[in-house]
Amino acid sequence: MLTRADLIILGGGCAGLSLAMRLAGWGLDCPRIALIERRVDYGHDRTWSYWRTPGARLTHLAGREWTAVGVTAAGRKVSVDCREMPYQVIASSDFYAEAWRWIRANPRIDCFLGEEVTTPPMREAGEWRVATARGEWRGATIIDTRPPTNDSAVPPRLWQSFSGVEVECPDGTFADHEATLMDFEPDSSGAISFLYLLPYSTGRALVEATMFSPERRSAAEMQPLLARVLARATADRPYQLGRHEHHAIPMGGGEEASSLGEGHVRVGLHAGAARAATGYAFQRTQRWADAAADAAARGRAIPSIARDPWIIRRMDSLFLRVLARAPERAPGLFLRLFARPDPRPVLRFLSDEARPADYLKVMRSLPAGLFLREALRGFLP
Ligand SMILES: Cc1cc2nc3c(=O)[nH]c(=O)nc-3n(C[C@H](O)[C@H](O)[C@H](O)COP(=O)(O)OP(=O)(O)OC[C@H]3O[C@@H](n4cnc5c(N)ncnc54)[C@H](O)[C@@H]3O)c2cc1C
C-alpha cells in the first residue's frame with residue numbers, strides 16, 4: 001500500500017496531534033496529511049500542568065485550576081498566591097478527545113493507527129519515504145515526533161523522574177485550595193526528591209513522587225519514594241489507588257535529536273519541547289504548533305521548535321549545574337525563588353513569558369555567591 005501526502009506526521013501524541021488539529025481547522029484548505037501512530041487507544045495516560053499566563057493555549061481544556069501553590073522544605077512553607085496566573089491541569093484524555101474531534105472531521109487527514117515506523121525516513125527523488133510492516137508513505141515534509149531510539153551521546157545534566165498515582169481518600173484528606181508544587185523529602189543519595197500533589201477535591205488527588213538525579217529512575221526505582229510521599233500525603237488514612245503515571249524527562253545539556261535533512265522536522269519532547277530547567281513541555285508544544293500552522297498558512301517551511309533566547313539558556317544551564325553540584329542546596333533555593341512577595345516575575349520566567357526586568361528579579365532571588373562560583377568554575381584553576 002502506497003499513500004502520498006503533503007505532510008506526513010510520525011507520532012500522534014501531544015506534538016503530532018497539536019499540529020494536525022490546527023491544520024484540520026482549515027477545512028478543505030488543509031494540506032493532505034498522513035498521521036502515522038503506533039498506538040490504537042488513547043486514554044488518560046498523563047496530566048499536563050502549567051501556569052495560565054496570558055500566552056497559555058487550550059486553557060478551556062483545563063479540568064481544574066489552583067490559585068495557590070505551596071513549596072515546603074525543612075519545616076518551612078511558602079504559599080504562592082498565583083491568582084493572576086492560576087496553576088492549571090489538563091488530563092491528556094481531554095486533549096486527545098478535542099484533537100481527534102477536529103482531525104476526524106477533516107477528510108483531508110488520513111490516520112493510520114497501530115502502525116509502527118521502524119526504519120529512518122529516507123529521501124528519494126526529492127520526496128521523503130517512510131515505511132511500516134504494512135505500508136509505505138511518501139511526501140514532501142515529515143514532522144517527526146518520535147523519541148530517539150537511543151539515549152543521546154551527551155547525557156542531560158539531570159533527569160526529572162516522576163511516578164504518580166491518583167488516590168481516593170475519605171473527604172477532608174486534602175486541602176484542595178492549594179496544589180503542592182514541591183514538598184521536599186530528605187534524601188541522602190545525592191538526588192533531589194519531593195512530593196508533588198494536585199488535590200482535585202478534598203478526597204481525590206494525584207500524588208506524585210518526583211526526583212531530579214543524574215540518572216533516570218524507573219517506576220520500580222521510584223516505588224520506595226512514592227510509598228513514602230503517599231503515606232505522608234494521605235496522613236496514613238485508607239485510600240484506593242487509581243491510574244498510575246511514570247516518566248523521566250531530560251533536563252538540559254543533552255544532545256537533541258537532529259533533522260535528517262530539508263523537509264524532515266524533528267519536534268516533541270526530545271527535540272526542544274521541554275524547558276531545560278523545568279521539563280515543562282505542553283505549552284511550549286502548543287506555541288510551536290501555532291507557529292508551524294502559521295508558517296504553513298504563509299507557504300513557508302514548517303519550523304522546528306524555536307531555541308530559547310540566550311539569557312534563558314544561560315540561566316537554566318547555570319541553575320541545573322548548581323543543582324547537580326549541590327543537590328542539598330536545592331530545597332533552600334526553590335524556597336527562596338518562590339518566597340518573593342510578588343511571584344509574577346518567577347511564574348512568567350518559568351512560563352517563557354519573562355519581561356526584561358523579570359530576569360534580574362529572578363537572579364536577585366537566588367544567592368549570588370553560589371551562582372557566581374559556579375559560573376566562574378570553568379575559568380578557575
Ligand atoms: C506521565 C507524564 C506526565 C507529564 N506531565 C507534564 C506536565 O505536567 N507538564 C508538561 O509540560 N509536560 C509534561 N509531560 C511531558 C510532555 O509534555 C509529554 O511527554 C508530551 O506528551 C510530549 O509530547 P510529544 O509529542 O513529544 O510525545 P508523545 O506525546 O509521547 O507523542 C509521541 C507519539 O509518537 C508515537 N510513536 C513513537 N514511536 C513511534 C513509531 N516508531 N511509530 C509510530 N508512532 C510512534 C507514540 O506512540 C506517541 O503517541 C509529561 C509526560 C508524561 C509521560
Side-chain angles (χ1 to χ4, degrees), residues 7-25 33 35-37 39 42 44-63 85 87-103 109 141-148 156 160 162 245 247-252 254 256-259 264-297 301-309 312-313 316 347-353:
L7 194 64
I8 302 172
I9 300 180
L10 302 185
C14 183
L17 294 180
S18 294
L19 178 59
M21 73 193 275
R22 282 160 172 85
L23 298 179
I33 298 176
L35 189 146
I36 308 172
E37 164 59 48
R39 67 176 122 168
Y42 283 82
H44 187 178
D45 57 359
R46 61 201 67 186
T47 309
W48 288 300
S49 317
Y50 54 87
W51 275 280
R52 179 160 60 77
T53 51
R57 270 66 162 186
L58 300 184
T59 54
H60 64 286
L61 295 177
M85 299 173 205
Y87 195 62
Q88 288 199 326
V89 67
I90 294 181
S92 58
S93 44
D94 291 335
F95 166 80
Y96 297 145
E98 169 97 341
W100 281 113
R101 196 169 55 76
W102 281 99
I103 293 167
I109 306 183
T141 304
I142 288 195
I143 306 297
D144 196 345
T145 76
R146 297 167 304 154
Q160 179 179 156
F162 47 89
E245 61 179 49
H247 199 51
I249 297 178
M251 296 174 79
E256 279 159 4
S258 58
S259 160
H264 176 257
V265 186
R266 289 238 201 232
V267 291
L269 191 61
H270 297 268
R275 172 79 180 270
T278 62
Y280 282 113
F282 182 76
Q283 287 297 339
R284 291 162 66 89
T285 301
Q286 300 314 314
R287 239 172 285 142
W288 163 77
D290 278 343
D294 187 55
I302 292 191
S304 49
I305 291 175
R307 262 188 121 191
D308 284 313
I312 290 194
R313 281 185 278 132
D316 281 8
L347 303 188
R348 283 194 293 260
F349 174 73
L350 296 176
S351 310
D352 302 326
E353 289 183 35

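In plain terms, the two heavy atoms of W288 and P303 that are nearest each other are NE1-O, 2.8 Å. Residues I109 and A24 approach most closely at CD1-CB, 3.7 Å, considering heavy atoms. Between A274 and L269, the shortest heavy-atom distance links the atoms CB-CD1, 3.7 Å. Annotation for L19 and A293: closest pair CD1-N, 4.1 Å, computed over non-hydrogen atoms. Here the closest non-hydrogen pair linking I33 and L23 is CD1-CD1, 3.7 Å. Between P147 and H270, the shortest heavy-atom distance links the atoms CB-CD2, 3.8 Å.
The environment of CH2 in W100 is crowded: more than 12 heavy-atom neighbours from other residues, nucleotides or ligands sit within 6.0 Å.
Expressed to the nearest 0.5 Å, how far OG1 of T145 lies from CD1 of I9 amounts to 8.5 Å. Taking CZ from R22 and CD1 from I103, the interatomic distance works out to 10.5 Å, rounded to the nearest 0.5 Å.
Under the 3.5 Å distance criterion, the side-chain polar atoms of T53 are left unmatched by any main-chain donor or acceptor of S351. Checked by atom type and distance alone, the side chain of S92 pairs as donor or acceptor with a backbone atom of D45 at under 3.5 Å.
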Step-by-step side chain to side chain contact (heavy atoms under 4.5 Å, CB included) determination, M21 to R101: CA-CA 8 Å; M21 73 193 275; R101 196 169 55 76; over 6 Å; no
Pair H247-Q160, side chain to side chain donor-acceptor pair (under 3.5 Å): steps then yes or no: CA-CA 8 Å; H247 199 51; Q160 179 179 156; over 6 Å; no
Pair F282-T47, side chain to side chain contact (heavy atoms under 4.5 Å, CB included): steps then yes or no: CA-CA 10 Å; F282 182 76; T47 309; over 6 Å; no
Verdict with reasoning, L17 to L35, per side chain to side chain contact (heavy atoms under 4.5 Å, CB included): CA-CA 9 Å; L17 294 180; L35 189 146; 4.1 Å; yes
Side chain to side chain contact (heavy atoms under 4.5 Å, CB included) evaluation trace for D352 with R287: CA-CA 11 Å; D352 302 326; R287 239 172 285 142; 3.4 Å; yes
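With contacts defined as side-chain heavy-atom distances shorter than 4.5 Å, the pair L7/I302 qualifies. Within the 4.5 Å cutoff, side-chain heavy atoms of I8 are placed close to those of I36. Residues S18 and R57 fail the side-chain proximity criterion, which asks for heavy atoms closer than 4.5 Å. E353 is listed as a side-chain neighbour of P54, based on a closest heavy-atom distance under 4.5 Å. Under the 4.5 Å side-chain criterion, counting only non-hydrogen atoms from C-beta, R275 is not in contact with M251. You'll find the side chain of V89 stays beyond 4.5 Å of the side chain of Y50, heavy atoms only. Side chains of V265 and I142 form no contact here, defined as non-hydrogen atoms less than 4.5 Å apart.
In this structure, R39 forms a cation-pi arrangement with Y96, its terminal cationic atom sitting closer than 6.0 Å to the ring centre and no more than 45° off the ring axis. Judged by a 6.0 Å distance limit and a 45° cone about the ring axis, R46 is not positioned over the six-membered ring of F162.
Using cut-offs of 30° and 60° for the angle between ring planes, the W51 and Y280 rings count as perpendicular. The aromatic rings of W48 and F95 sit perpendicular to each other, their planes meeting at more than 60°, with 30° as the lower class boundary.
Side chains of R52 and Q283: no donor on one and acceptor on the other come within 3.5 Å. A donor atom on one side chain and an acceptor atom on the other are not found under 3.5 Å apart for Q88 and S49. No hydrogens or angles considered: a donor-acceptor pair under 3.5 Å links the side chains of E98 and H60.
For R284 and D308, the salt-bridge test passes: some basic side-chain N is under 4.0 Å from an acidic carboxylate O.
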